[in-house]
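As the structure lists them, so they are numbered: ligands from 1, and atoms in each ligand from 1. The basis for the numbers below is simple: all heavy atoms, side chains too, and nothing from hydrogens, waters or symmetry mates.
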Amino acid sequence: MALIVHKYGGTSMGSTERIRSVARRVAKWARAGHQMVVVPSAMSGETNRLLGLAKELTPAKPGGDYYRELDMLAATGEQASSALLAIALQAEGLDAVSYAGWQVPVKTNSAYTKARIESIDDQRVRADLATGRVVIITGFQGVDDEGYITTLGRGGSDTSAVAVAAALKADECLIFTDVDGVYTTDPRVVPEARRLGTVSFEEMLEMASMGSKVLQIRSVEFAGKYRVPLRVLSSFTPWDIDIAEEAQSGTLITFEEDEHMEHAVVSGIAFNRDEAKISVLGVPDKPGIAYQILGAVADANVEVDVIIQNISKDGKTDFSFTVNRGDYARTMELLKDKVLPGLGAQEVVGDTKICKVSIVGIGMRSHVGIASKMFRALSEEGINIQMISTSEIKTSVVIDEKYMELAVRTLHKAFELDQPAA
Ligand code: ADP
Ligand code: ASP
Ligand code: MG
């Protein structure tokens with residue numbers, strides 16, 4: 001008997017029919033003797049629908065209180081899907097209970113709309129599991145010290161599931177979704193993409209942080225920190241598929257390199273359309289400039305991604321960086337109102353029509369010339385590179401958004417990702 005956490009995404013929970021299929025799959029695992037905890041997302045489209053309603057009523061300059069209410073609102077999506085799943089499990093003859101984040105409680109900080117989990121109390125859940133109950137815990141949400149409901153950022157149910165698995169020291173966390181594993185790139189963009197049987201934790205971390213939304217990045221961080229065995233698999237197989245077969249399907253995130261792992265130099269390509277570029281032009285080139293600009297941005301709780309500073313000309317330089325598109329307007333405003341006047345810079349310009357494309361692979365550590373192969377493949381297609389950033393196991397480029405699909409397909413081919421790794 002094992003303690004297993006299942007997570008089901010929005011499409012997997014998308015209708016009462018789908019919820020019934022999830023309930024039957026979970027019941028199959030429970031009847032096989034496992035202690036089951038299930039973390040569902042809101043039904044597909046629901047979080048967008050709720051946030052859309054808020055947008056219709058949004059004040060011109062939303063304050064902190066607004067973000068608190070957004071979380072109160074968005075969290076209802078997971079509350080509804082969790083209760084529906086509990087009802088569906090009861091209809092299958094199982095003892096099941098659903099809890100909202102605050103009832104567990106899942107404690108977070110107060111960074112509304114992007115809160116971080118600080119602790120999870122496992123007492124209540126363990127007591128239920130001991131009586132043979134299936135426990136459902138809402139994904140995506142928690143509660144802060146003041147008792148306000150928080151949410152964990154888009155795609156946050158993955159993180160809830162892995163954090164719950166870590167807190168309960170679960171034997172495995174299975175992320176059920178609408179694709180049957182982690183692919184070399186998004187199979188919806190490149191139909192030739194190949195499913196990976198295993199992917200190393202480090203590669204998964206880079207792929208998630210570079211925009212592969214199959215797993216939210218924080219879920220991968222949690223899995224690494226607490227060594228949670230993690231697998232991504234399909235919720236669209238027949239619910240009564242053999243459990244042993246199901247347990248081996250999809251993609252396993254591995255923590256150690258073993259001889260069975262695929263040894264491709266580049267294992268995947270990720271892309272992210274959610275970023276925007278901001279450039280501060282004509283900045284006096286003197287010590288403290290990066291700090292003055294980025295310090296103010298960080299103080300506003302905006303995460304910065306790729307950064308470049310050009311060489312200076314006549315004592316002036318240009319400074320560019322990317323932020324999440326959702327933070328673009330407020331970062332521009334902040335720079336224009338608060339930072340530019342004290343900086344002596346000429347102007348701030350922005351571009352929201354960019355995207356970031358990254359190649360990721362542990363093999364890049366020991367192979368030279370991978371980045372240049374990437375740049376050559378892009379140049380042959382006439383794609384201009386605006387910014388570059390690298391780490392030990394990834395190279396990212398910022399390009400015009402309109403070339404995104406072409407770039408991903410070109411790189412997928414250039415690195416022969418459609419061919420099985422040797
Ligand atoms: P869920 O609602 O189950 O959380 P998401 O939509 O958040 O599902 O994530 C699954 C989607 O991630 C897939 O439908 C796929 O389009 C996309 N995706 C992006 N990159 C990859 C990749 N490398 N492998 C598999 N899926 C990917
Ligand atoms: N429902 C939330 C979202 O749409 C969380 C999730 O699906 O993981 O972002
Ligand atoms: Mg998701």
Side-chain angles (χ1 to χ4, degrees), residues 6-14 18 22 38-52 70-71 73-82 101 113-115 137-142 150-164 173-199 203-220 231-236 250-251 253 266-274 326 355-361 404-405 408 411-412 417:
H6 280 192
K7 180 261 172 178
Y8 291 89
T11 322
S12 311
M13 296 290 293
R18 300 271 347 131
V22 168
V38 188
V39 177
S41 288
M43 295 170 77
S44 57
E46 181 62 6
T47 310
N48 285 345
R49 187 186 73 84
L50 292 165
L51 296 176
L70 274 189
D71 281 1
L73 174 70
T76 63
E78 270 70 12
Q79 193 172 326
S81 61
S82 295
T113 74
K114 43 182 156 184
I137 300 174
T138 49
F140 185 50
Q141 60 179 269
T150 55
T151 67
L152 310 179
R154 298 308 301 269
S157 297
D158 297 330
T159 303
S160 306
V162 178
V164 163
C173 181
L174 303 181
I175 306 284
F176 285 89
T177 182
D178 56 7
V179 280
D180 63 354
V182 178
Y183 278 68
T184 46
T185 191
D186 189 338
R188 295 186 206 285
V189 172
V190 182
E192 296 78 30
R194 221 168 29 86
R195 184 174 61 78
L196 299 164
T198 58
V199 62
E203 286 169 321
M204 196 61 241
L205 195 62
E206 287 285 11
M207 282 186 45
S209 67
M210 293 305 117
S212 260
K213 69 168 185 166
V214 64
L215 285 177
Q216 198 203 34
I217 175 162
R218 286 196 199 147
S219 70
V220 188
R231 185 179 286 277
V232 177
L233 68 172
S234 172
S235 71
F236 282 76
T251 301
I253 318 301
V266 172
S267 12
I269 297 170
F271 52 85
N272 185 353
R273 300 176 232 242
D274 290 339
C355 73
K356 189 176 66 180
V357 177
S358 312
I359 56 174
V360 174
M404 193 199 79
E405 297 200 356
V408 174
L411 295 173
H412 198 266
L417 290 178

Looking at Thr151, is its backbone amide N or carbonyl O close enough to the side chain of Asp71 to form a donor-acceptor pair, meaning the two atoms are under 3.5 Å apart? yes

Return yes when Gly155 approaches ligand 2 closer than 4.0 angstrom through a heavy atom, no otherwise. yes

Those residues that, when tested against Cys173, pass side-chain contact (heavy atoms from CB on, under 4.5 Å) (two or more places apart): Val5, Ala161, Val162, Ala165, Ile175, Val228, Leu230

Could you pull out the closest heavy-atom pair between Gly153 and Phe140, with the gap in Å? O-CE1, 3.1 Å

I'd like to know if Glu78 contacts ligand 2, where contact means a heavy-atom distance under 4.0 Å to any ligand atom. yes

Strictly below 4.0 Å, N to O, side chains only: are Arg188 and Asp178 in salt-bridge contact? yes

Quick one: does Gly156 get a heavy atom under 4.0 Å from ligand 2? yes

Where the side chain of Ser219 meets the backbone of Thr159, is there a donor-acceptor pair that is under 3.5 Å apart? no

Test salt bridge (charged side-chain N to carboxylate O under 4.0 Å, His left out) applied to Arg273 - qualifying residues, sequence neighbours left out: none

With nothing but distance in play, are any N or O atoms of Lys7 less than 3.5 Å from an N or O of ligand 2? no

Taking Gln216 for its side chain and Leu152 for its backbone only, find out whether a donor-acceptor pair lies under 3.5 Å. yes

Which of the ligand 2 atoms, numbered from 1, are nearer than 4.0 Å to a heavy atom of Arg154: 3 (C), 4 (O), 9 (O)

By ring-ring contact (aromatic ring centres under 6.0 Å, His included) - contacts of His6 (at least two apart): Tyr8, Trp29, Phe176

Mind checking what residues have non-hydrogen atoms under 4.0 angstrom from ligand 1? Lys7, Gly9, Gly10, Thr177, Asp178, Val179, Gly181, Val182, Tyr183, Thr185, Asp186, Pro187, Arg188, Met207, Ser212, Lys213, Val214

Considering only heavy atoms of Ser41, which atoms of ligand 2 have at least one such atom less than 4.0 Å away? 6 (C), 7 (O), 8 (O)

Hey, what do you get for CE (Met207) to OG1 (Thr185), rounding to the nearest 0.5 Å? 6.5 Å

